[in-house]
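So the structure is just underneath, and the comments pick up after that.
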Amino acid sequence: MQPAISKPELTDAKSSTDVALCTEVSRLARLLARDQVYYFEVIVFEVEGTLFRVPKNGFEVPGSFFETLFSLPGPGKNGTHMEGTDDTCPIVIEGISKDHFRSFLSVMYPFKRTASTYEEWLGVLHLATQWDFTEFREKSVRALTVLIRPGNRTVTDNILLAKKYKVKNWLIQGYTSLIQQPKPLNLDQLCASMIDTLTIARLLSIRESIHMKRMIRLSHLVGNVTYGPTLTPYGVTDEEAVRLVSQMFASEIAEMA
């Protein structure tokens with residue numbers, strides 16, 4: 001009759017097998033080459049109490065906030081990073097919305113869908129601007145330009161959006177719309193919209209100069225006045241309106257992208 005194998009002997013045998021297996025795996029890992037493009041390191045973020053586990057390579061953008069973050073030495077051996085390696089030790093990002101972060105990730109990794117609504121693209125613009133993701137910022141500006149067309153939002157809302165995120169084209173379009181509108185500017189509405197008084201004064205100055213030029217032109221004409229097809233109801237072409245706005249707000253526009 002075969003003697004029973006004691007429990008310690010079982011444990012020792014299992015331990016030896018595990019060590020041998022780990023050794024073989026390590027040997028194979030050293031022999032195998034990792035693809036330079038399609039070998040992803042994952043990273044874990046925590047935003048507003050929610051974990052996000054995504055490929056790290058999308059965040060390794062030159063000149064961005066994360067390039068600086070990842071270049072800093074970590075507390076691990078040889079400066080390795082511990083944060084972001086698993087769910088128990090995520091990289092915590094404070095001060096942002098998890099919905100904005102989710103929209104940002106949907107553009108970075110459009111697996112099932114990407115950002116499509118105004119709120120989603122605004123979230124992408126907000127984080128792309130904050131973290132210096134130039135390509136994502138340009139993409140979100142293009143998408144939002146369609147979504148903020150007249151009829152979807154007020155001119156003053158678009159001006160404030162342009163000022164906040166420093167989008168030059170939105171600002172010029174907003175200002176030219178106000179100086180070209182045929183009815184007088186409503187100062188109460190402009191002030192209530194939180195547009196600063198200096199901007200309002202400059203807009204009124206442009207409108208006054210247009211009005212004076214129009215009156216001088218009319219005083220030299222006799223009979224009915226017919227406006228050409230490029231003239232707006234307020235009597236200034238689109239090109240002239242852009243020129244006047246660009247001249248009056250040159251310093252503000254120069255600071256925008």
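Computed from a prediction, not measured in an experiment: that's the story for all the values here. Note that these values count all heavy atoms, side chains included, but never hydrogens, waters or copies made by symmetry.
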Shared-cluster residues of V37, by chain and number - hydrophobic side chains joined below 4.5 Å: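 V37 shares its hydrophobic cluster with Y38, F40.
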
By side-chain hydrogen bond (donor to acceptor under 3.5 Å, both in side chains) - contacts of T88 (at least two apart):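 T88 satisfies side-chain hydrogen bond (donor to acceptor under 3.5 Å, both in side chains) with D86 only.
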
side-chain hydrogen bond (donor to acceptor under 3.5 Å, both in side chains) involving R53 - partner list, sequence neighbours excluded: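 Listed in chain order: nothing, the list is empty.
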
May I ask whether [X] and [Y] are part of the same hydrophobic cluster, defined by side-chain heavy atoms of I, L, V, M, F, W, Y residues being less than 4.5 angstrom apart, directly or through others?
X: F70; Y: V42; result: no
X: L105; Y: V44; result: no
X: I172; Y: L204; result: yes

For [Y], is there any backbone N or O sitting under 3.5 Å from a side-chain donor or acceptor partner on [X]?
X: D87; Y: L51; value: no
X: Y118; Y: N152; value: no
X: S71; Y: T68; value: yes
X: E48; Y: K98; value: yes
X: R207; Y: Q181; value: yes
X: E240; Y: T237; value: no

NZ (K163) with more than 12 external heavy atoms under 6.0 Å: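 Counting other residues, nucleotides and ligands, NZ of K163 exceeds 12 neighbours.
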
4.5 Å side-chain heavy-atom contact, I195 and I159: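 Of all side-chain heavy-atom pairs linking I159 with I195, at least one is under 4.5 Å.
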
Side-chain touch T156/Q189, heavy atoms, less than 4.5 angstrom: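 A side-chain contact under 4.5 Å is absent here.
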
Residue pair I96, Q130: steps toward the side-chain contact (heavy atoms from CB on, under 4.5 Å) verdict: CA-CA 10 Å; I96 69 169; Q130 180 176 329; 4.0 Å; yes

Derivation and outcome, side-chain contact (heavy atoms from CB on, under 4.5 Å), residues R153 and L147: CA-CA 9 Å; R153 287 167 51 87; L147 297 172; over 6 Å; no

Close aromatic pair by centroid cut-off 6.0 Å: F104 and W131: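 Yes - the distance between ring centres of F104 and W131 falls below the 6.0 Å cut-off.
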
Pair E252 + R202, salt bridge at N-O below 4.0 Å: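 No, E252 and R202 are not salt-bridged.
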
Among K164, K166, R137, the one residue meeting side-chain hydrogen bond (donor to acceptor under 3.5 Å, both in side chains) with T129: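 Exactly one option meets the side-chain hydrogen bond (donor to acceptor under 3.5 Å, both in side chains) with T129, and it is R137.
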
Single hit among F65, F66, F52 for ring pair (Phe, Tyr, Trp, His ring centres under 6.0 Å) with F59: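 Exactly one pass, corresponding to F66.
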
Test applied, side-chain contact (heavy atoms from CB on, under 4.5 Å); reference residue, Y175; option that passes from L203, I206, V242, L244: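 Of the listed residues L203, I206, V242, L244, the side-chain contact (heavy atoms from CB on, under 4.5 Å) partner of Y175 is L203.
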
Mutual orientation of the aromatic rings belonging to F133 and F136 [parallel < 30°, tilted 30-60°, perpendicular > 60°]: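 F133 vs F136 ring planes: tilted.
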
